[in-house]
Amino acid sequence: MKADVKTLAAKSAGTVELTDEVFALEPRADILHRMVTYQLAKRQAGTHKTKGRSEIALTGKKFVKQKGSGGARHGDRKAPQFRGGGKAFGPVVRSHTIDMPKKVRALALRLALSAKAKSDNLIILDEAKLKDPKTKAVKDAFAKLGLKSALIVDGAELDDNFALAARNVPNVDVLPVQGINVYDILRRETLVLTKAAVESLEARFK
C-alpha cells in the first residue's frame, strides 16, 4: 500500500510503499488487549509488602486465661484482629509478569501499526529534525499537521533539537524506533513515523 509523505511544514514530500504484512493486517482486539495487559503487568514493581503474623515482634505468651474471661481463647497478640498484629493474607513481594510468546508480541505490534493505518491515523514524515530546540517551532509544526495527541517514532537516533522541543508539548511522545510498543501506539490518537522508522520496522519484520 502507498502512503503520502509529509514534511514538518505539512508539505508533500512524495510517497512511500508500505509493506502489507506490517501495515495492512486485519486488526484483532483480543491480541491487542493481551499485549497491553502484558505490558502494564510487566511495568508493576511488585514491591508491595505487609508483615504477616510470623513477622511481628510481639510476645507469644498467652495473655489471658483459657477459661473464665468470658472472651475468646487467644494465644498471643500477633493475631490479625489485634492492633499491631500481623496482616492476614496481605500482599507480598512478587512479580506480576505474565507469559506471552515472542511471536504473539511481534504480531501485536504489527496489528497496532495496521490499526492506525486502517483508521487513517498514520502519518509518514520525511524527517523529524529542527534547527533549534524551540517548543514554539514544534507546536506550530504540529498545528499544521493537525496533531493533538500523537506518538512520533524516528529512526535509531533521535534529533536532539526535536526531542528537546517536543518534550514540553502535552499529549505528544517521541521515541526511537527500538522503543516502539503497542501500549504507546494505542494510547495516542495519531501515530507519526519517519521514513527511517518505516524502513527499520519493515526490515525488522522481514
Side-chain angles (χ1 to χ4, degrees), residues 25 27-116 121 133 135 148-154 156-158 160 163-192 197 200-201 204-205:
L25 299 177
R28 283 186 55 181
D30 60 324
I31 291 182
L32 293 176
H33 177 268
R34 282 178 63 191
M35 188 62 194
V36 170
T37 303
Y38 166 84
Q39 281 190 244
L40 295 182
K42 196 171 183 179
R43 275 170 42 169
Q44 288 184 261
T47 52
H48 42 16
K49 176 75 171 70
T50 57
K51 287 188 176 182
R53 184 168 177 169
S54 64
E55 299 170 296
I56 298 297
L58 289 175
T59 179
K61 183 186 177 189
K62 188 173 175 64
F63 60 92
V64 67
K65 290 195 297 183
Q66 179 75 0
K67 295 178 180 292
S69 69
R73 296 166 289 187
H74 290 299
D76 66 61
R77 286 284 185 185
K78 292 182 280 190
Q81 62 265 42
F82 293 124
R83 179 179 179 273
K87 180 74 174 175
F89 308 114
V92 295
V93 176
R94 67 185 180 91
S95 170
H96 291 270
T97 306
I98 58 177
D99 289 331
M100 193 165 181
K102 190 175 181 180
K103 287 184 178 180
V104 179
R105 284 181 270 150
L107 175 60
L109 181 55
R110 289 188 288 143
L111 289 171
L113 294 170
S114 298
K116 289 299 182 184
N121 285 324
T135 302
K148 294 181 180 177
S149 172
L151 170 66
I152 301 169
V153 182
D154 202 352
E157 297 290 334
L158 294 177
D160 290 338
L164 286 171
R167 72 181 183 181
N168 291 329
V169 182
N171 301 320
V172 172
D173 300 319
V174 181
L175 292 174
V177 69
Q178 59 267 29
I180 192 170
N181 63 87
V182 173
Y183 177 68
D184 281 331
I185 290 173
L186 297 181
R187 70 194 286 259
R188 299 301 181 199
E189 183 181 350
T190 307
L191 174 63
V192 180
S200 181
L201 286 169
R204 175 176 170 180
F205 290 117

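FYI, side chains are in, hydrogens and waters are out, and symmetry mates aren't considered; it's all heavy atoms of this structure.
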Inset, instruction - Mind jotting down which residue pairs meet the side chain to side chain donor-acceptor pair (under 3.5 Å) criterion with at least one end in residues 176-187? Sequence neighbours excluded, please. - result: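 Listed once each, the pairs are Q39-N181, D173-R187, N181-D184.
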
Inset, instruction - If a pair satisfies side chain to side chain donor-acceptor pair (under 3.5 Å) and one of its residues is in residues 53-66, list it, with sequence neighbours excluded. - result: K49-E55, K62-Q66

Legend entry - For R105, side chain to side chain contact (heavy atoms under 4.5 Å, CB included) partners two or more places apart: M35, Y38, M100, K102

Legend entry - Residues forming a side chain to side chain contact (heavy atoms under 4.5 Å, CB included) with A115, sequence neighbours excluded: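 Listed in chain order: P27.
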
Inset, instruction - Under the ring-ring contact (aromatic ring centres under 6.0 Å, His included) rule, collect the residues that match up with H48, sequence neighbours excluded. - result: H96

Just so I know, are the side chains of [X] and [Y] near enough to count as touching, which here means a heavy-atom distance under 4.5 Å?
| X | Y | answer |
| --- | --- | --- |
| L109 | I180 | yes |
| L186 | V36 | yes |
| D30 | R34 | no |
| L107 | I31 | yes |

Work out which heavy atom in [X] is nearest to a heavy atom in [Y]; give both atom names and the distance.
| X | Y | value |
| --- | --- | --- |
| V169 | A165 | CG2-O, 3.9 Å |
| D154 | E157 | OD2-O, 4.0 Å |
| K78 | I56 | CD-O, 3.2 Å |
| V177 | R204 | O-NH1, 4.2 Å |

Inset, instruction - Indicate yes or no for a side-chain donor-acceptor contact from K148 to the backbone of N171 under 3.5 Å, with no hydrogens or angles considered. - result: no

Inset, instruction - Please answer whether the main-chain N or O of A150 pairs with a side-chain N or O of T190 as donor and acceptor at a distance below 3.5 Å. - result: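 Checking the backbone N and O of A150 against the side chain of T190, no donor-acceptor pair under 3.5 Å is found.
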
Spacing of [X] atom [atom1] and [Y] atom [atom2] [to the nearest 0.5 Å]:
| X | Y | atom1 | atom2 | answer |
| --- | --- | --- | --- | --- |
| R28 | L32 | CZ | CG | 9.5 Å |
| L25 | L113 | CG | CG | 9.0 Å |
| L158 | I152 | CG | CD1 | 10.0 Å |
| N121 | L151 | CG | CG | 12.5 Å |
| R188 | I185 | CZ | CD1 | 13.0 Å |

Legend entry - Flag if over 12 foreign heavy atoms under 6.0 Å of CG, D160: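 Not buried by this count: 12 neighbours or fewer within 6.0 Å.
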
Check: residues 81-91 side-chain donor-acceptor pairs under 3.5 Å, at least two apart:
none

